[in-house]
Amino acid sequence: MPDDLTHRLTHPHYPRSNTYDIRWTIENQMGPHALWQLEWLAPALGLDTLPPGARVLDLGCGRAMTSVFLAREYGVQVTAADLWIKPDDNAVRLAEAGVADRVLPVSVEAHDLPFGEGTFDAIVSVDAYQYFGTDDLYLPTLTRLLKPGGRIGVVVPALREEIDGTEPPEPLKPFWEPAFWCFHSPAWWRRHWTRSGAVEVEAADWLTDGWRDWLLWSEVCAEESASEFMAGMARESAKMLHVDQGENLGFARVVGRRV
């Protein structure tokens, strides 16, 4: 691995993520840098305050990078839940990472979670919650899995402000896909979660210059990913972010405590 790539992706705000092998993160990425997002989420979610062995649901874990991070960095027991990536595939990665005894990979659909009420001390979702969590009825069904007082925290691609009407901003029209309408502002997420009555919202904020992180990561993955499909997606993201220049796109962090 060239030293300049290591230097390029060493982030001053994410010292824990900097210790992970860059090739590993590139090979297992499925979008924006999941470890950076999780490390931004961690203090607001209070991951450092969880007791050793606390149970955490990593919902929409993808290739389980975030699950590895949770187990290694915070000493918790993780249920690595995903619909698209098979548990057998994730089990290999977890064993190679040395956390097979602390992370259980499962195949689930987000609306059909086979866990009992009060199972988890915390729920985490990185770059996934937007696909199912905009449903007005979803959060109460999910947070029943938390112990009373337990927290849920998500990081999602977001809009700085809500878009009026039915058309995206003019510069983004060449890149806009219907699925992007699941991107919302931090204020929208705060209202959405507050209305549910399921949680007390403790954070709903915007990552300053998050678009720059997203752009940098997309450029690197476009150049370095061994998967042409993932490299192609990264190229399109980079083009879109270059055009937008942080006017509209970035990341939201939302944290709530079960009431």
Side-chain angles (χ1 to χ4, degrees), residues 1 5-6 8-11 13-45 47-48 50 54-108 110 120 122-131 152-157 207 210 213-214 216-227 229-231 233-234 237 251 253:
M1 183 194 311
L5 187 57
T6 303
R8 191 176 176 192
L9 289 175
T10 297
H11 200 298
H13 295 154
Y14 306 123
R16 294 184 192 240
S17 300
N18 291 340
T19 66
Y20 287 74
D21 181 75
I22 292 172
R23 284 292 171 197
W24 182 76
T25 58
I26 292 172
E27 289 167 5
N28 292 302
Q29 61 88 20
M30 295 181 69
H33 199 307
L35 300 189
W36 289 353
Q37 294 176 73
L38 180 53
E39 194 164 351
W40 177 48
L41 175 64
L45 188 58
L47 288 178
D48 275 322
L50 291 176
R55 299 188 66 181
V56 176
L57 173 62
D58 186 3
L59 184 57
C61 68
R63 294 192 174 95
M65 284 199 297
T66 47
S67 300
V68 171
F69 192 90
L70 287 164
R72 281 184 177 175
E73 303 299 323
Y74 303 104
V76 295
Q77 293 285 330
V78 185
T79 299
D82 201 79
L83 177 64
W84 297 340
I85 305 301
K86 294 179 179 178
D88 287 351
D89 294 341
N90 275 339
V92 172
R93 269 182 290 278
L94 296 168
E96 291 174 345
V99 296
D101 60 332
R102 288 172 281 165
V103 183
L104 174 67
V106 298
S107 177
V108 297
F120 298 102
I123 297 173
V124 168
S125 186
V126 172
D127 190 22
Y129 193 81
Q130 70 275 14
Y131 293 123
I152 175 173
V154 308
V155 177
V156 290
L207 178 58
D213 295 343
W214 191 355
L216 171 61
W217 180 243
S218 297
E219 290 174 336
V220 168
C221 290
E223 298 164 5
E224 302 291 337
S225 178
S227 164
F229 175 75
M230 297 308 298
M233 288 182 62
S237 293
F251 297 105
R253 172 177 64 181

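These numbers come from the heavy atoms of this one structure, side chains and all, not from hydrogens, waters or symmetry mates.
The two residues Val103 and Ala80 make their nearest non-hydrogen contact at CG1-CB, 3.7 Å. Of all heavy-atom pairs between Leu216 and Trp36, the closest is CD2-CH2, 4.2 Å. When every heavy atom of Ala64 is checked against every heavy atom of Leu94, the shortest pair comes out as CB-CD2, 4.1 Å. For the pair Gln130 and Pro157, the tightest heavy-atom approach, listed with the atom from each and the gap, is NE2-CD, 3.5 Å. Contact detail for Pro87 and Val106: the closest heavy-atom pair is CG-C, 3.7 Å.
Applying the side-chain hydrogen bond (donor to acceptor under 3.5 Å, both in side chains) rule to Thr66 yields the partners Asp58; only residues at least two apart in sequence or on another chain are considered. Not counting sequence neighbours, the partners of Ser17 by the side-chain hydrogen bond (donor to acceptor under 3.5 Å, both in side chains) test are Glu39. Residues passing the ring pair (Phe, Tyr, Trp, His ring centres under 6.0 Å) test with His13, sequence neighbours excluded: His11. Checked against side-chain contact (heavy atoms from CB on, under 4.5 Å), Arg72 has the following partners two or more places apart in sequence or in another chain: Tyr20, Val68, Ala97, Val99.
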Practice problem: Could you walk me through whether Met65 and Val126 pass the side-chain contact (heavy atoms from CB on, under 4.5 Å) test, one step at a time? | Solution: CA-CA 10 Å; Met65 284 199 297; Val126 172; over 6 Å; no
Practice problem: For side-chain contact (heavy atoms from CB on, under 4.5 Å), just list the numbers for Phe69 and Val124, CA-CA rounded to whole Å, side-chain angles, deciding distance to a tenth of an Å, and then say yes or no. | Solution: CA-CA 12 Å; Phe69 192 90; Val124 168; over 6 Å; no
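In this structure, Ile152 and Phe120 have side chains that are not in contact, with every pair of non-hydrogen atoms separated by 4.5 Å or more. For the pair Val155/Leu38, no side-chain contact is recorded, criterion being any heavy-atom separation below 4.5 Å from C-beta on. Counting only heavy atoms from C-beta outward, the side chains of Leu45 and Tyr74 never approach each other to under 4.5 Å. With contacts defined as side-chain heavy-atom distances shorter than 4.5 Å, the pair Leu50/Leu70 does not qualify.
The side-chain hydrogen bond (donor to acceptor under 3.5 Å, both in side chains) contacts involving residues 77-91 comprise Asn90-Arg93, where partners must be two or more places apart or lie in separate chains. Residue pairs meeting the side-chain hydrogen bond (donor to acceptor under 3.5 Å, both in side chains) criterion with at least one member in residues 96-108, sequence neighbours excluded, do not occur.
To the nearest 0.5 Å, atom CD of residue Glu223 and atom CD1 of residue Ile26 are 9.0 Å apart. We find the SG-CE distance between Cys221 and Met30 to be 12.5 Å, quoted to the nearest 0.5 Å. Note: Thr10 OG1 to Ile22 CD1 = 5.5 Å, rounded to the nearest 0.5 Å. Note that the NE2 atom of His33 and the CG atom of Asp213 stand 9.0 Å from one another [nearest 0.5 Å]. Separating the SG atom in Cys61 from the CG atom in Asp127 is a distance of 12.5 Å, to the nearest 0.5 Å. One distance of note links CZ of Arg253 with CD of Gln37; it measures 12.0 Å at 0.5 Å rounding.
With respect to the salt-bridge test (charged N to carboxylate O, under 4.0 angstrom), the residues Arg8 and Glu219 qualify.
Note on ring orientation: taking the six-membered ring where Trp is involved, the planes of Phe251 and Trp214 are tilted (angle from 30° to 60°).
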